[in-house]
Amino acid sequence: MKTLWQNCHAATMAQGVYSSIEDAAIVTQGEHIHWIGSRAELPTGDYPTVNDLNGAWVTPGLIDCHTHTVFGGNRSGEFEQRLQGVSYAEIAAAGGGIASTVRATRAASEDELFASAAKRLKSLMLDGVTTVEIKSGYGLDLASERKMLRVIRRLGTELPVSVRSTCLAAHALPPEYKDRADDYIEHICSEMLPALAAEGLVDAVDAFCEYLAFSPEQVERVFLTAQRLGLPVKLHAEQLSSLNGSSLAARYQALSADHLEFMTEDDAKAMAASGTVAVLLPGAFYFLRETQLPPMDALRKHGVKIAVASDLNPGTSPALSLRLMLNMACTCLRLTPEEALAGATIHAAQALGMADTHGSLEAGKVADFVAWHIDRPADLAYWLGGDLEKRVVRHGVEID
Ligand code: DI6
Ligand code: FE
């Protein structure tokens, strides 16, 4: 049965930019878009259900392609400490940082992790997110990573949002492997990834390539294992230094390389050639008060697709609004509002390997869209937070 949605304008994002249609009409059939175009060209036919969108601007459902939404504990105390001048290194030396979230995550039950993550995920959804990627990476042993990934799967079945899971076991060195990073990488490759993949818990594999995390050589071992398991890869790269991790990611046709403040033009060339998406994380840039900007000119010059995500995590980006990230991407990283919206729709879908079905308003794609009561699409990056009046449709059905 076909449903007609009309009296609206559409920023379809079909060609990676707004690709706007003024006075548009959308026909959905089941979970998919059947037709979209100017209302004047609407095919004649029977539309048993007609929805008046009251002049709203319709965009694809927002896609948050990089989050660490599942975790135990709280690190606002570290936020207070850092505001009093305590450094990250001092906090970590005192047992804080990722290590404290690992302890809290290992101690929490699946139900406790689900309950706290569901609250955070609902905040993202309140802001128009219909698809989200969630990483493990605070368990750092097989049982705890499995627990996290099971919670991630459960979030996708119990909430009206599409969830992709990413195994980030190579996020940090667990205490039982202190000073034995190579041994931990071996454990990830020979034990953890094969088991978790066999249980159907992993859609992609990620790692943290950084001087204070894992080297390119160690990351490559993880990538080779992911390749052997038939899993796509992503990478936290060039956040704090240049290790050319993003070029390594490109060599493995990674879906994305993420952060990228310290990437080089050669990295950008490699990413453009492999189609690896540059995922920018303005929340971490802002929260850490970073000063090194990602090389926007090089990314644009070489045609690297740019996505924008929240990086929702307790330590460096406690962000509960993807729309606020759009503003930060423009204000801090100098994207245009159009680039930012493409970054949270079609390019975010590409960063998740979902661009064939999600991320733009085109016939045949999944009917995930948001009807925003705004004057112009740029308003989505313009307003700082808040709850913009909207109607959200997921899989062709309006959700409250
Ligand atoms: N980069 C980050 O900024 C986060 N992880 C990563 O790879 C930090 C996560 C945390 O501090 O809990
Ligand atoms: Fe991250």
Side-chain angles (χ1 to χ4, degrees), residues 64-79 81-82 86-106 113 116-117 120 124 132-140 144 148 152 164-174 204-215 218-219 222 233-241 243 245-246 249 254-263 277-290 292 294 307-319 322 325 328 348 351-352:
D64 196 344
C65 66
H66 180 135
T67 84
H68 307 252
T69 305
V70 174
F71 57 86
N74 175 298
R75 285 173 44 202
S76 60
E78 290 180 16
F79 176 55
Q81 285 180 292
R82 285 195 291 109
V86 182
S87 74
Y88 251 94
E90 288 163 323
I91 290 170
I98 293 180
S100 71
T101 301
V102 169
R103 285 193 301 275
T105 303
R106 287 179 170 181
L113 290 178
S116 62
R120 292 187 282 267
L124 293 176
V132 64
E133 181 258 17
I134 304 178
K135 306 174 188 290
S136 66
Y138 288 116
L140 307 187
S144 305
M148 288 192 74
I152 293 166
R164 305 290 282 181
S165 71
T166 298
C167 183
L168 178 61
H171 189 198
L173 198 58
V205 176
D206 191 351
F208 186 17
C209 187
E210 194 53 71
Y211 66 86
L212 47 69
F214 298 99
S215 69
Q218 291 164 339
V219 167
V222 174
V233 296
K234 309 167 127 306
L235 189 62
H236 284 68
E238 274 72 67
Q239 179 181 6
L240 307 172
S241 66
L243 297 179
S246 37
L255 292 173
S256 71
D258 304 38
H259 282 289
L260 302 179
E261 282 84 350
F262 285 84
M263 77 179 295
V277 176
V279 178
L280 304 184
L281 303 170
F285 177 91
Y286 164 85
F287 198 72
L288 297 176
R289 302 177 68 204
E290 288 182 29
Q292 172 75 28
V308 175
S310 68
D311 194 18
L312 168 52
N313 78 73
T316 64
S317 187
L322 182 55
M325 299 300 107
M328 288 187 181
L352 298 179

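Values reported hereafter were calculated over all heavy atoms of this structure, with side chains retained and with hydrogens, waters and symmetry mates removed. Atoms within a ligand are numbered from 1 in the order they appear, just like the ligands themselves.
Considering CZ of Arg164 and CG of Asp64, their distance stands at 14.5 Å, rounded to 0.5 Å. Atoms CG and CG, on Leu235 and Leu260 in that order, are 9.0 Å from each other to the nearest 0.5 Å. Atom CZ of Phe214 and atom NE2 of His171 lie 9.5 Å apart (nearest 0.5 Å).
A donor-acceptor contact under 3.5 angstrom links the side chains of His66 and His236, judged on distance only.
A side chain to side chain donor-acceptor pair (under 3.5 Å) with Arg75 is found for one member of Thr101, Asn313, Thr316 and no other, namely Thr101. When each of Ile134, Leu124, Leu281 is tested with Leu312 by the rule side chain to side chain contact (heavy atoms under 4.5 Å, CB included), just one qualifies, namely Leu124.
Between Glu78, Lys135, His259, Arg75, it is Arg75 that holds the heavy atom closest to atom 12 (O) of ligand 1.
Atom 5 (N) of ligand 1 has as its closest protein heavy atom His171 NE2, 2.8 Å. Remark: minimum distance from atom 9 (C) of ligand 1 to any protein heavy atom is reached at Tyr138 OH, 3.3 Å. Looking only at protein heavy atoms, the nearest one to atom 7 (O) of ligand 1 is His236 CD2, 3.1 Å.
At a cut-off of 2.8 Å, Asp311 is counted among the residues with an N, O or S atom near the Fe ion (ligand 2). At least one N, O or S atom of His68, from either the backbone or the side chain, sits less than 2.8 Å from the Fe ion (ligand 2).
Ligand 1 is never approached by Thr101 to a heavy-atom distance shorter than 4.0 Å.
Residue contacts with ligand 1: Gln239 is placed with a nitrogen or oxygen under 3.5 Å of a nitrogen or oxygen of the ligand (distance criterion only).
You'll find the side chain of Leu240 reaches within 4.5 Å of the side chain of Tyr211, heavy atoms only.
Closest to the Fe ion (ligand 2) among the N, O or S atoms of His236 is NE2.
The contact set between ligand 1 and Thr316, taken as ligand atoms under 4.0 Å from a residue heavy atom, comprises 2 (C), 3 (O), 4 (C), 8 (C), 11 (O).
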